[in-house]
Structures are given as structure tokens and as C-alpha cells.
Amino acid sequence: MNIGVIVTIAGHRPSESDDGKGAPRKRIENANAKTTSQLLMGSPMGSCDVLGQSIIDRVVARLRGSGAQRISIISEGPLPGCTATSASSSLYRTGSTPGFWPAWDSVVSEYLNHGVETLLLLRLGPYVELDLLDLLRFHRDITSPLTQVYHRHTALDVVLVDAAPLREGMGSFRTRLSTLIPQRQRYSFAGYTNLLAGPADFRRLVQDALSGQCGIRPVGREVRPGIWYGEGTRVDRSATLLAPAFIGAETCIEASSTISGASAVERQCEVDCGTTVDDCCVLPGTYLGMGLNVQHAVVKGSKLFHLNRDIELEISDSRLIGTTSPSHPLSRRARSVLGPGRMFGSSLVTRSSQLASLLTTRRFGRSD
Amino acid sequence: MVIKLPEHVSAKEARTFMRALQPELRRDRPRVVVDMSAVKDIDTTALDMLLECMSIIARRDGAVKLAGISPEAATVLELTRMNQIFEMFPTVSEAASSFSVAPVDKLSDEASPQPAVA
């Protein structure tokens, strides 16, 4: 199968003038064009972790599993916190330099020069557990050079296109693709699809993954039925975890905390003493302070999206929520020496003051 | 006394709030309604201040009630579990009218229902 894949990570949707010409062009039908920016708290959803691995990495792995070898990833905008290694061994380009469409054209050109026969264009965007082989069979059996994937009546950003008409046409590859759109055929896909149109959809994807309703599996070991730990996870013995739950790599769940309601606490997070996390996605590198009650939310660093109230808050007080810092290992070591009992105070006692009192206690302990 | 908190509430606004509260605190059984309808951002210093205020007023046999809480303020109160500490009302007028004390005999009737006649 000589197929080339271009995965676009949705950021801001590239404008018509991103190619520098500004000419209006036909657009492939898109379910999300009017509704979303595909950003989750400032980051493209494709770059966000779901149970230990980013959506983009999962999509790339799935494509490789289906036999696709040439996979390029182009971002429509900058990818905060996402590096080229997120798509290991794939060609990776960002759309910011020299511009999305020139980058896209250059990838298509490269594929055509390598004799690619069919191109799969996929935008994340929606998360689709596509059966690539079935889509290829469908595409081979029809006469159209372009097949677009539909879920029920919704057009998805997934298109299979023959390389031959792209080779033969005039103008940029994008222009040539536009001329094929009127000939497109619909491929109806009934498998798992999540439009990822907002934080609520992202949360639903995590819930579906934890309950086995989609193909995403947690990265880690299942320590008890429905409870997964990543590598280097530390969960205090007094913490309560209710299945299903995912605790990511190098994450600390401190004493007397509770994780419930199909929550996922991704890698390198810290849930401090006495905090309850219920029906939440806690994205990588997030610190949740002591004695908090975090419910129905997606949290990333200092940002919290409340799913029921449909509001996003930036909490400037890092004693409540924030990012994990290099000082955390000291905090953890101190706790392990002194035990959780000495750490626990009222709900508003700050992390820094707790640590200060803890270290003072320890110094007094030594002098005694 | 009704005090409306501004959009952003931090240490400075908390001090202003406490100053404004002083005349009420000198009274017997102070009654304070904090209007939180405009609050978009409230930090822990301000939350500490609310707790302090509640503590002082409770010692004088009074009460603090929160009213018209914005979704942002409600989220922070829930996050810090302070929604379990304060009485909260949808509007200032409902909070104010809640200070009206029900007749003692009615309360005692509700507290101890009559046993069923055999």
C-alpha cells in the first residue's frame, strides 16, 4: 500500500490568505468549521494527553498499525508544550513558518515524488477510529478520485484522494485538490467518532476510553480492575481511588486524596493532601492544592474549565491550582519523612506555608 | 448591611471590605449580605477575609450570607469547599429576607412532630 498521510493538527483554521495569494477557494465540507477553534485551554486538542498519550501520537500509531508508513504532521498554529518528538519518526512541520499552505504543498510534492498513489488527509479536529483498510477498499471500488468520510450526516475532516490527478493538474496542489471536490464520494463511517468540539467532548473521550467504549487504552499497568498507573506513579496509602481512574506517569497522589468519577490525572501532576478530584481530566504538569474539591472540570496548570457551568477560569493563586514545580521533589521527600498527618491543615492552608511548617518541625525534631 | 464585591477581589479589596464592615461589626447581632454577582476573580486572601469576617460576626451572634454568586465565584467557592460553610442565596433580597426569624413555637413544632394517635 503506497499511501501518504498528512495529519493536520487544528489550531486556528488557516485563512485563505495563508498562501499569500488571498484567492477564495472551494472548501471541503467541514463539520467544525463554524463552531470551534479545536483548542483546549490554549493548546490544540490533538496535542493533549488522553490516558498517558497524546491524541496525535495515538492517531499516528493507529495509522502505522494499518500499514501507513509515510505520515506527515502539519500544525495550523504553534504547538505549546508539544515537540517534534510527539510524532516520532514522522515528518513534522509547523504551519507557522513558512505558512501552513506552503508547508502542506511541499509535503504533497514530496509524496508525489516518492511515488505515493493515494493521499489520506486527516485533520485533528475530530477523533475518528477509522478502519483505513476498509476506507481504501471503498475508495478503490468507486470511480471518484476523492472520498470524504462522513459520520452519520456529518462530514469529517478525513479525505482520501488519488495522487494521479494531483500530479497532472495545474497550479498549487491545494488548487488541484479543490478542483476534485465536486467529484467526491461519501464514505459512511459508523465507528467511534468524537468531534472534539470543546472541553466537554474531550472529557467524554476520556470517559469513553476509561469505560472501554473506544479504542484508546491507558498507557500503564492496571493495578486493580479499572485503575491504571503510569510509570513512576506514587499514590499514598491513605488515598482513595474509585474505578475507573487513570493516574499518569510520575504523578503524585498525596495523603487522604480521593480520585473518583472516571477521572484521569495525567503525567507529572500532583494532587495534594485531602483533595477530591471527581469527574475531572487533570492535564499534564498540573498541581492541585490541599483540601480542594475539584469537580466536573478539565484542569490544565492554572486554568480550570468547569464543564457544568461552561466557563473557563484562570486562577492566579498558585496555592490553589497551578503547575508542578521543581520544588515538588523536596516537598514529597519531606512528606515521606514526616508522614501525611503533619501536613494536613485547614482547606486554605498554603502549600508553601505547609512546607515551611513541616521543615520547621523537622528542624525542631533534630534539635530535640 | 449589603456589601457588593468588585470584579476582582484580592488583598486590597479585602481590606476595603473589612473597613466598610466595621460599623456593622460594632452592632449586636450583625447581619451582612455579600453580593458576589460581579465577582470574576477571587483569591485566597479574599476568601480568608470572608472566613475571618464570618468568624467575627458569629462571635457577635450575627450571620454572613452570600448572594447572587457569579459562576466564577461559585466555582472558586466550590473548589475551596467554602460553599459548605456559607449560606448562599440566588439574590440579595432573598438573602436579606432570610434574616427574618421564624416564630419560635413554629420552629419547635417542626422540630418535634406530634406522635401519631394510636
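Note on naming: letters A, B, ... go to the chains in the order of the sequence lines (proteins, then strands), and numbering restarts at 1 for each one. Only heavy atoms go into these numbers, but all of them, side chains included; no hydrogens, no water, no symmetry mates.
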Hey, are A:S260 and A:D278 close enough side-chain-wise for a donor-acceptor pair under 3.5 Å? yes

Check: B:T91/B:E94 side-chain N/O donor and acceptor closer than 3.5 Å: yes

Is there a donor-acceptor pair under 3.5 Å between the side chain of [X] and the backbone N or O of [Y]?
X: A:S256; Y: A:G274; answer: no
X: A:R267; Y: A:G230; answer: no
X: A:T251; Y: A:C269; answer: yes

Sorted by chain and residue number, the salt bridge (charged side-chain N to carboxylate O under 4.0 Å, His left out) partners of A:E312 (sequence neighbours excluded) come out as none

Give the interface residues of residues 58-73 of chain B toward chain A, defined by a heavy-atom separation under 4.5 Å. B:P71, B:E72

Among residues 33-41 of chain B, which ones touch chain A with a heavy-atom distance under 4.5 Å? B:K40, B:D41

Quick one: which of A:I321, A:N293, A:L292, A:I259 gives a side-chain contact (heavy atoms from CB on, under 4.5 Å) with A:T275? A:L292

Proximity breakdown for A:I315 and chain B, heavy-atom pairs closer than 4.5 Å: side chain

Report yes if some heavy atom in the side chain of A:T276 is under 4.5 Å from a heavy atom in the side chain of B:R81; otherwise report no. yes

Would you say that A:D279 contacts A:Q207 through its side chain, given a criterion of any heavy-atom pair below 4.5 Å between the two side chains? yes

Report the residues that fulfil side-chain contact (heavy atoms from CB on, under 4.5 Å) with B:T75, sequence neighbours left out, ordered by chain and then residue number. A:L304, A:H306, A:R309, A:I311, A:L313

